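First comes the structure, then the notes that go with it.
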Amino acid sequence: MALLSLRVPDSRAPQRNKPRRRRRNAIGALFAVPALVLFVVFAIYPMLRVFYLSLFDYSLTSPPEFVGFDNFHYLATDPQFGAALWQTVVYAVGTYVPALTLALVLAHALNTRARGSGLLRLLYFLPVAISWVAVSVIWRVVLNPDGLLNQALGLHLNWLTSSDSAMWGLVVMGVWKETGFFLILFLAGLQSIPGELYEASRLDGAGAFGRFRYITWPMLLPVTSVCSVMAVIRGFQSFSPQLVLTNGGFGTQVVNLFVYKTAFENARMGRASAVAVLMFLLLFGLTLLQLKVFARRDR
Amino acid sequence: MSGPRTARLGRGTTLVAAGLGGLVFVAVLAYAILTALKPASEVLSVPLRWLPSTFAWSNLTLPFTETPFAQYFLNSTVVGVSVTLLNVVTCTAAGFSFAKFRYRGRDAAFMIVLATLMIPVEIIYVPLYSLVYSLGWVNSFAGLIVPAGTSAFGIFLMRQAIGNVPDELIEAARLDGAGDLRTLVSIVVPVVKGPMAALALFIFMLNWDSHLWPLLIASDDEHRTLPVGLAAMQADNLGSAAVPMMLVAALLAALPTVLLFVALQRKFVEGVTMSAGIR
């Protein structure tokens, strides 16, 4: 019915009266209200308040007490915070550099209609669909001194109860969990490259390496840039495996866990807010830097 | 003439390598599933035994009889479904508003929404917690559901999708006398149900994985979701005798999202790639 009336020319349509149009747009604005209210209350307001709270000593039960930049000053000299920052960097780099590399290589291998490639994709994707805590519970067994990893590698490491290896146990698990996520993104990127480009280069006699160097790599740069930004953010968001598997012990206390303990175990809400402000600035800066680096190479 | 053949050979080799890698990847899951079905005396045996001497099917009920696992599962389902429905409704409505109406402040509001896409939510958890605490929503489903009721990514996605719906279609519905709500429900929604489904799946899986926020908000068994409950069970059961029960619990907790994922792979891939802005 609606489509039929489309055919009927409405001569008055161009000069439709203004008040009615304005009323309709006001109604249109109402559709955004539920989302915007939730946004303002549960995202914008807390965002602004985290900057405010970072200047206070605040324990949730007593009123906030203004302390200026004391929280930041404290953090600058707190070896625990320094360690948490460093351990986060080690975890993020250790996990996401191999995961991204592996995903890129696998995306090339699996970007085909060959029989079995669909099943293989599914196998690599499966860990993405499992929650971090469930993955951690499974890997506690895999990383047990008598577990799968030691027996497969012929090692006898106490993966989760030694400062030498706890971080690397988490990293191995992280690569297993996250590779599939980036594989999805790289495959989508590869599939958006027009096939004619490869046809043309083949006619020009380009080899496999040449095709990668001059077509795939430049065409994938935007995806690679998105992936690396996401990797940084995901790396710095890590929390569940460290809490579940080591409770931050043995050199695995990442920043999010540090914030959690500072705020909710030691009731130092102001100090935790200061960490949040620092993380916000750091991540924002890193993201801008990455986008800039990739934009320049893109040209 | 050797070009295409070597290329094919190269492709074959990489596929085989990818296959071996896939085996390593899936070995972890196979190990978890088989170990979950071993009698307690056979878990963590040296040398490694893949198959149990007898399958201990009774392990499957251990989480239900020994822990409040069923309650956690139910809580996760209630929260996951509610958050997903809320997101689909609020994001679709806001997307419609941003895409098809003109009013003062619209672009500013949309830009603010977009800007928050870059902020990891963990950063605002301290003030968010104190807000929810003062609302009296600690240990309540409201505290788990309402703050997660909309998402910047969802609004962005639905605005893009609805922007592609022809204006003529919407005009025609109006000329037929349909109100804006009717137009949205009976004209726009059927056209964008693909992106809506991708969004729903993405939000549900994200919520199923959510750990930190429910850990802060839900400390009692009545409201604990699966990640919080699983972590608590794990902390209480570190001995190797509890290995089969914990593995059963973890695998059952993984089942809904894994099944959804296997059934709706394409939708999920759509959701992930759209969230990254690749397509």
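Chain identifiers are assigned alphabetically (A, B, ...) following the order of the sequence lines, protein sequences preceding nucleic acid strands; residue numbering begins at 1 within each chain. Being a predicted model, the structure only gives us computed values, none of them experimental.
Distance check: L251(B) CG to M246(B) CE gives 10.5 Å after rounding to the nearest 0.5 Å. R106(B) contributes atom CZ, which lies 8.5 Å from atom CZ of F98(B) (distance to the nearest 0.5 angstrom). Here the CG atom belonging to L23(B) is positioned 8.0 Å from the CG atom belonging to L120(A), to the nearest 0.5 angstrom. Atom CG in L106(A) sits 13.5 Å away from atom CZ in F182(A) (nearest 0.5 Å). Atom OH of Y125(B) is separated from atom CG of N256(A) by 9.0 Å, given to the nearest 0.5 angstrom.
F264(A) touches chain B through its side chain: at least one heavy atom from C-beta onward sits under 4.5 Å away, while N, CA, C and O do not. For M47(A), the parts sitting under 4.5 Å from any heavy atom of chain B are the backbone and the side chain alike. With a 4.5 Å cut-off on non-hydrogen atoms, S130(B) touches chain A through its backbone and its side chain both. For a residue to count as touching a neighbouring chain, one of its non-hydrogen atoms must lie under 4.5 Å from one of that chain's; by this rule F268(B) touches chain A with the side chain only. In this structure, chain B has no heavy atom under 4.5 Å from any part of L119(A). For L206(B), no part lies near chain A; criterion is any non-hydrogen pair under 4.5 Å. For chain A, the nearby parts of V46(B) are the backbone and the side chain; heavy atoms of each come within less than 4.5 Å. Neither the backbone nor the side chain of L48(A) comes within contact range of chain B, judged by heavy atoms closer than 4.5 Å. Residue contact with chain A, scored on non-hydrogen atoms closer than 4.5 Å, is absent for V228(B). With a 4.5 angstrom heavy-atom cutoff, V89(B) does not touch chain A via any of its atoms. The part of L53(A) that comes within reach of chain B is its side chain, from C-beta onward, which places non-hydrogen atoms under 4.5 angstrom from that chain. For I184(A), the parts sitting under 4.5 Å from any heavy atom of chain B are the backbone and the side chain alike. Contacts of L148(A) with chain B are made by both backbone and side-chain atoms, with heavy-atom separations under 4.5 Å. Using a 4.5 Å cut-off between heavy atoms, F236(A) does not touch chain B at all. If you measure heavy-atom distances from V275(A) to chain B, you find no contacts under 4.5 Å at all. If you measure heavy-atom distances from L212(B) to chain A, the contacts under 4.5 Å come from both the backbone and the side chain. Of the atoms belonging to Y58(A), it is side-chain heavy atoms, and not backbone ones, that fall under 4.5 Å from chain B. Residue L215(B) touches chain A through its side chain alone, counting heavy-atom pairs closer than 4.5 Å. A231(B) touches chain A through backbone and side chain together, each having a heavy atom under 4.5 Å away. For S240(B), no part sits under 4.5 Å from any heavy atom of chain A, backbone or side chain. Proximity to chain A (any heavy atom under 4.5 Å) is restricted, for L216(B), to the side chain, taken from C-beta onward. Contact annotation for S240(A): both backbone and side-chain heavy atoms come within less than 4.5 Å of a heavy atom of chain B. Only the side chain of M205(B) comes within less than 4.5 Å of a heavy atom of chain A; its backbone N, CA, C and O stay farther away. Interface residue R140(A): only side-chain heavy atoms are found under 4.5 Å from chain B. Heavy atoms of I233(A) lying under 4.5 Å from chain B belong exclusively to its side chain. Of the atoms belonging to I155(B), it is side-chain heavy atoms, and not backbone ones, that fall under 4.5 Å from chain A. Within the 4.5 angstrom heavy-atom criterion, no atom of L255(B) approaches chain A. For T61(A), the part lying under 4.5 angstrom from a heavy atom of chain B is the side chain only.
Less than 6.0 angstrom separates the ring centroid of F96(B) from the ring centroid of F101(B). Aromatic rings from F56(A) and Y52(A) are positioned such that their centres are separated by under 6.0 Å.
Chosen from F181(A), W132(A), F239(A), Y45(A), the residue pairing most often with chain B at heavy-atom distances under 4.5 Å is F239(A). If you tally non-hydrogen atom pairs under 4.5 Å between each of A36(B), A32(B), P120(B) and chain A, the highest count goes to P120(B). Between chain B and the residues V244(A), V50(A), L243(A), the largest count of heavy-atom pairs under 4.5 Å involves V50(A). Heavy-atom pairs under 4.5 Å with chain B were tallied for M279(A), R49(A), M269(A); the largest tally goes to M269(A). Ranked by heavy-atom pairs under 4.5 Å with chain A, the first of V43(B), V243(B), N87(B), V146(B) is V146(B). Contacts with chain B were tallied for V40(A), L283(A), L122(A), L30(A); L122(A) has the most, counting heavy-atom pairs under 4.5 Å. Across D146(A), I44(A), V105(A), the residue that shares the most heavy-atom pairs under 4.5 angstrom with chain B is D146(A).
Side chain of T179(A) to backbone of W176(A): no donor-acceptor contact under 3.5 angstrom is found. The backbone N or O of S45(B) sits less than 3.5 Å from a side-chain atom of Q151(A), completing a donor-acceptor pair.
Other residues, nucleotides and ligands contribute only 12 or fewer heavy atoms inside 6.0 Å of the CZ atom of F284(A).
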